Amino acid sequence: MRPSAKQNSLPLTGIILAGGRSSRLGGGDKPWIEIGGQPVIRRLLTVMAPVCQEILISSSNPQPYGHLGIPIVPDLVPGLGALGGLYSSLCQASHEYAFVVAGDMPFVGEQAIRCLWSLRQSYDVVLPRSADGRQPLHALYSRACRQPIREQLKNGHLKISSFFPQVRVFELLTASRPDAFEPHQFFNLNTPADITRALQLAAGTGKTAVTDNS
């Protein structure tokens, strides 16, 4: 997706990892769960379109997303989880850096993306660290990560952070940037209880909560 040029957009690729299906949610596509009157995927696109000059959706099942008009990137090798989706999408990204986010995070904010972008110099990964730990599914990655990721995939290592020792990583303590990161920035949808909580947060009736995605 290449939105029309906007004054504040960045030469940045946005990647939505939409490949996951949750058995705890009945096996459905989590990006289509409606939160605050909108599916999560549309909430993400609304936030990312003014920031990212390109947006890609990582999914080996294009059917649910075809009508969005966004390029869909299938896994080069199926069955390798989020790391495989990240690798396949970085191979297709037009820009040197990509903001990567899980497709089940309904509360991503524009200022958080811009904050990560501002810290990219000299680093291959800019990774938020919240009170609950690293947040690798809400982070900035450079295309220099492709070779190290490929090596990990070949060796059967599928954890997102498996390639971090081979690249330059900056960890941002989100508590130091409350202007950019909301308390529920990393909340994601894994269970029916999470959906209930997200609906409360979207309506402004729930207490803040943070979910660890590391």
Side-chain angles (χ1 to χ4, degrees), residues 1 3 12-52 54-75 81-86 88-89 98-116 128 130 132 134-141 160 174 180-214:
M1 178 182 183
L12 176 67
T13 296
I15 296 172
I16 300 173
L17 297 177
R21 295 174 66 86
S22 174
S23 59
R24 286 180 288 176
L25 290 174
D29 291 309
K30 293 193 287 184
W32 290 106
I33 295 171
E34 191 167 300
I35 301 296
Q38 258 191 333
V40 176
I41 188 78
R42 291 196 179 276
R43 292 174 66 98
L44 289 171
L45 292 173
T46 297
V47 170
M48 295 167 69
V51 186
C52 304
E54 174 182 61
I55 298 178
L56 306 174
I57 295 175
S58 169
S59 178
S60 289
N61 179 22
Q63 191 276 330
Y65 308 102
H67 67 285
L68 294 174
I70 311 294
I72 300 166
V73 181
D75 292 343
L83 187 60
L86 172 59
S88 301
S89 298
F99 170 70
V100 177
V101 65
D104 64 349
M105 285 187 170
F107 301 115
V108 172
E110 178 179 336
Q111 291 309 310
I113 303 173
R114 293 187 182 278
C115 178
L116 296 174
S130 72
D132 288 324
R134 287 171 163 177
Q135 303 293 340
L137 299 185
H138 182 300
L140 203 74
Y141 295 88
I160 288 283
T174 57
F181 293 90
E182 297 290 338
H184 49 280
Q185 186 85 28
F186 309 111
F187 192 91
N188 66 350
L189 307 175
N190 286 317
T191 68
D194 292 335
I195 297 176
T196 298
R197 179 65 128 188
L199 291 170
Q200 292 171 342
L201 289 169
T205 60
K207 295 180 180 179
T208 57
V210 179
T211 297
D212 181 12
N213 300 285
S214 58

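Quantities reported herein were computed from a predicted structural model and do not represent experimental measurements. Every heavy atom of this structure was used, including side-chain atoms; hydrogens, water molecules and symmetry mates were not.
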Could you tell me the separation between the [atom1] atom of [X] and the [atom2] atom of [Y], rounded to the nearest 0.5 Å?
X      : Y      : atom1 : atom2 : result
Asp75  : Ser88  : CG    : OG    : 4.5 Å
Leu137 : Leu83  : CG    : CG    : 10.0 Å
Gln135 : Phe181 : CD    : CZ    : 9.5 Å

Are side-chain heavy atoms of [X] and [Y] found at a separation under 4.5 Å?
X      : Y      : answer
Asn188 : Lys30  : no
Asp104 : Ile33  : no
Leu116 : Phe99  : yes
Ile57  : Ser89  : no
Thr191 : Asp194 : yes
Leu12  : Leu140 : yes
Ile72  : Ile70  : no

Item to check | Mutual orientation of the aromatic rings belonging to Tyr65 and Trp32 [parallel < 30°, tilted 30-60°, perpendicular > 60°] | outcome: parallel

Please find the pair of heavy atoms, one from [X] and one from [Y], that lie closest to each other, and give the distance.
X      : Y      : value
Ala180 : Gln185 : O-OE1, 3.9 Å
Gly36  : Leu199 : N-CD2, 4.2 Å
Phe107 : Ala198 : CZ-O, 3.4 Å

Could you give the side-chain donor-acceptor pairs of residues 38-52 under 3.5 Å, partners two or more places apart or in another chain?
from, atom 1, to, atom 2, distance (Å)
Arg43, NE, Pro106, O, 2.9
Arg43, NH1, Ile35, O, 3.0
Arg43, NH2, Pro106, O, 3.2
Thr46, OG1, Arg42, O, 2.9

Next on the checklist: Among residues at least two apart in sequence or on other chains, which ones pass salt bridge (Lys or Arg N to Asp or Glu O under 4.0 Å) with Glu34?
Outcome noted: none

Item to check | Of Leu56, Val101, Val73, the residue whose pairing with Ile16 passes side-chain contact (heavy atoms from CB on, under 4.5 Å) | outcome: Val101

Item to check | Residues in side chain to side chain contact (heavy atoms under 4.5 Å, CB included) contact with Ala139, at least two apart in sequence or another chain | outcome: Leu127, Pro128, Tyr141

Checklist entry - Is Ser59 reaching over with its side chain to a backbone N or O of Pro62, donor-acceptor style, under 3.5 angstrom? => result no

Item to check | Counterpart residues, side chain to side chain donor-acceptor pair (under 3.5 Å), relative to Thr13 (two or more places apart) | outcome: Glu54

